[in-house]
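Start at 1 with the first residue, then count along the sequence. What you see below is based on every heavy atom in this structure, not just the backbone, and it leaves out hydrogens, waters and symmetry mates. Atoms within a ligand are numbered from 1 in the order they appear, just like the ligands themselves.
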Amino acid sequence: MTDLAGLPTDDADVRKLDRAHVFHSWSAQALIDPLPIASAEGSYFTDYNGKRYLDFSSGLVNVNIGYAHPRLIAAIQEYAPRFTTIAPTFANDARSEAARLIAELAPGDLDRVFFTNGGAEATENAMRMARLHTGRHKVLAAYRSYHGATAGAIAMTGDPRRWGAEPGVPGIVRYWGPYPYRSAFHSSSAEEECTRALQHLRDLIMVEGGHNIAAIILETVVGTNGILVPPDGYLAGVRAICDEFGIVMIADEVMAGFGRCGEWFGIDHWGVAPDLITFAKGVNSGYVPLGGVIISERIARTFDERPFPGGLTYSGHPLACASAVASINIFKDEGIVEHARLLGTDVIGPALAKIADKHPSVGEVRGLGAFWALELVRDRETREPLVPYNASGADAKPMNEFAAACKERGLWPFTHFNRTHVVPPCNTSADDVRAGLEILDEALEVADGYYTG
Ligand SMILES: Cc1ncc(COP(=O)(O)O)c(C=O)c1O
């Protein structure tokens with residue numbers, strides 16, 4: 001059965017065509033069974049059997065404004081008859097205004113925007129800018145990070161998604177960022193972790209040669225690899241190191257930016273201005289693909305008389321930019337950044353603290369804004385993770401059972417390794433968030449069942 005637009009109309013047909021013809025990201029194609037989704041609105045989506053799920057993963061942590069926001073859809077519909085596309089060589093009203101708005105939100109003198117189609121192209125181009133600006137080659141990138149799946153972005157990535165792309169592009173030197181709960185530096189406090197993580201960077205710079213290093217890239221608050229909120233002083237410390245050695249500081253805000261941390265950019269929480277910011281996801285909640293690099297004056301000037309050797313057919317796509325303009329204005333009008341901050345301080349933070357008190361399998365709770373993680377363990381004393389690092393198949397059973405318990409009850413969780421993240425759309429109502437947390441609370445009984453401590 002198809003509708004007037006020629007699209008399949010029921011669960012069976014959507015599923016059958018998906019299985020026959022769609023090749024999915026990051027997956028063994030025969031081992032997956034993607035759930036067909038019939039509709040999505042606000043913080044919920046619904047399958048073809050009418051079952052509704054509260055989306056505690058915001059899609060891929062990108063739908064910061066929720067699904068089908070009426071004003072955002074109207075803005076896209078209004079703009080589409082004017083320009084569905086125009087070459088990036090022209091100036092365009094939507095692109096100009098999107099760049100102005102984004103530059104206005106960015107800290108420091110980050111005043112120019114190079115638009116891309118998503119996050120990977122943003123980090124890829126940020127690396128290229130840093131290398132050309134400094135005339136240096138090496139880039140320091142963190143373990144427990146994700147920067148995208150194109151050649152350079154995946155080379156900078158510090159998680160198993162990189163393994164299949166190795167050896168990859170040369171020149172990436174990896175470092176450990178702060179993670180007090182599983183410290184690479186055997187620290188016993190957040191302050192000590194901060195000092196030691198900064199000293200570790202200095203040690204690496206000494207042995208790699210500061211004059212060889214173009215950039216240090218970091219996720220301001222690490223996303224998929226664990227919502228690792230840096231200790232106070234860490235980002236300022238990295239800034240100082242970059243200044244001392246003439247290194248470009250790249251803040252990857254693809255996941256942390258646009259309200260997720262209860263600030264426009266995660267880095268605003270610590271009042272630090274990097275040299276380059278990469279963004280995507282929440283800039284327009286993915287209604288039309290968009291990302292970009294926000295560039296400081298100093299770096300932009302490098303390319304005043306010398307061409308920047310990079311570009312994309314869809315750089316500054318007008319429909320995508322029009323949706324970013326609308327989304328940013330909606331964020332402002334509806335106070336979405338402030339709402340996300342309050343969700344963190346008044347709703348999610350306190351509720352997760354209670355949940356941690358009740359469930360022995362919750363080893364640590366951390367986060368801010370609408371960006372939280374519960375680290376699940378078998379033993380609080382040893383901190384043995386509920387499932388091993390990068391577990392799959394039978395090894396991942398406890399996490400799969402936990403996720404199934406959430407889904408059964410109408411909650412779509414975000415799980416990664418031994419963690420579940422609480423990352424609903426930034427404008428989810430406090431009541432809906434509380435309802436989701438109650439389901440999470442019930443489902444954690446499953447994780448407790450594996451507790452051995
Ligand atoms: C921090 C970070 N950087 C970059 C990316 C890559 O973005 P995209 O998937 O749009 O290429 C992601 C995606 O999850 C991300 O979380």
*Asks:* Nearest protein heavy atom to atom 3 (N) of ligand 1, by residue and atom, and its distance?
*Replies:* Asp252 OD2, 2.7 Å

*Asks:* Identify the closest protein heavy atom to atom 7 (O) of ligand 1: which residue and atom is it, and at what distance?
*Replies:* Gly119 CA, 3.2 Å

*Asks:* Between Glu121 and Thr150, do the side chains contain a donor N or O and an acceptor N or O under 3.5 Å apart?
*Replies:*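 Side chains of Thr150 and Glu121: no pair found under 3.5 Å.
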
*Asks:* Looking only at protein heavy atoms, which one is nearest to atom 5 (C) of ligand 1, and how far off is it?
*Replies:* Val254 CG1, 3.7 Å

*Asks:* Do any heavy atoms of Glu253 fall under 4.0 Å from ligand 1?
*Replies:*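 Heavy atoms of Glu253 never come under 4.0 Å of ligand 1.
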
*Asks:* With Tyr44, which of Thr428, Asp55, Asp432 fulfils side chain to side chain donor-acceptor pair (under 3.5 Å)?
*Replies:*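 That would be Asp432.
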
*Asks:* Look at atom 2 (C) of ligand 1 and say which protein heavy atom is nearest, naming residue and atom and giving the distance to 0.1 Å.
*Replies:* Tyr146 O, 3.2 Å

*Asks:* Identify, for atom 13 (C) of ligand 1, the protein heavy atom at the shortest distance, and state residue, atom and that distance.
*Replies:* Lys281 CE, 3.2 Å

*Asks:* Can Arg100 and Glu104 be counted as an ion pair, charged N to O under 4.0 angstrom?
*Replies:*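 Yes, this pair counts.
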
*Asks:* Please determine whether the number of non-hydrogen atoms from other residues, nucleotides or ligands lying under 6.0 Å from atom NZ of Lys397 exceeds 12.
*Replies:*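 For Lys397, atom NZ is not crowded (no more than 12 foreign heavy atoms under 6.0 Å).
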
*Asks:* I'd like to know if Arg298 and Asp275 make a salt bridge, using a cut-off of under 4.0 Å between side-chain N and carboxylate O.
*Replies:* yes

*Asks:* For Ala130, is there any backbone N or O sitting under 3.5 Å from a side-chain donor or acceptor partner on Arg136?
*Replies:*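 Looks like no, no N/O pair under 3.5 Å.
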
*Asks:* Does NZ or CZ of Arg161 lie under 6.0 Å from the centre of the six-membered ring of Tyr146, at an angle within 45° of the ring axis?
*Replies:*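 Yes; both conditions hold, so Arg161 lies above the ring face of Tyr146.
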
*Asks:* Which ligand 1 atoms are under 4.0 Å away from a heavy-atom of Gly118?
*Replies:*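 Listed by number with element: 10 (O).
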
*Asks:* Would you verify that at least one protein heavy atom lies under 4.0 Å from atom 9 (O) of ligand 1, or report that none does?
*Replies:*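 There is no protein heavy atom less than 4.0 Å from atom 9 (O) of ligand 1.
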
*Asks:* Tell me the protein heavy atom at minimum distance from atom 11 (O) of ligand 1, and give that distance in Å.
*Replies:*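 Scanning the protein heavy atoms, the shortest distance from atom 11 (O) of ligand 1 goes to Ala120 N, 2.8 Å.
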
*Asks:* In ligand 1, which numbered atoms sit nearer than 4.0 Å to a non-hydrogen atom of Glu219?
*Replies:*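 So the answer, numbered in order with elements, is 1 (C).
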
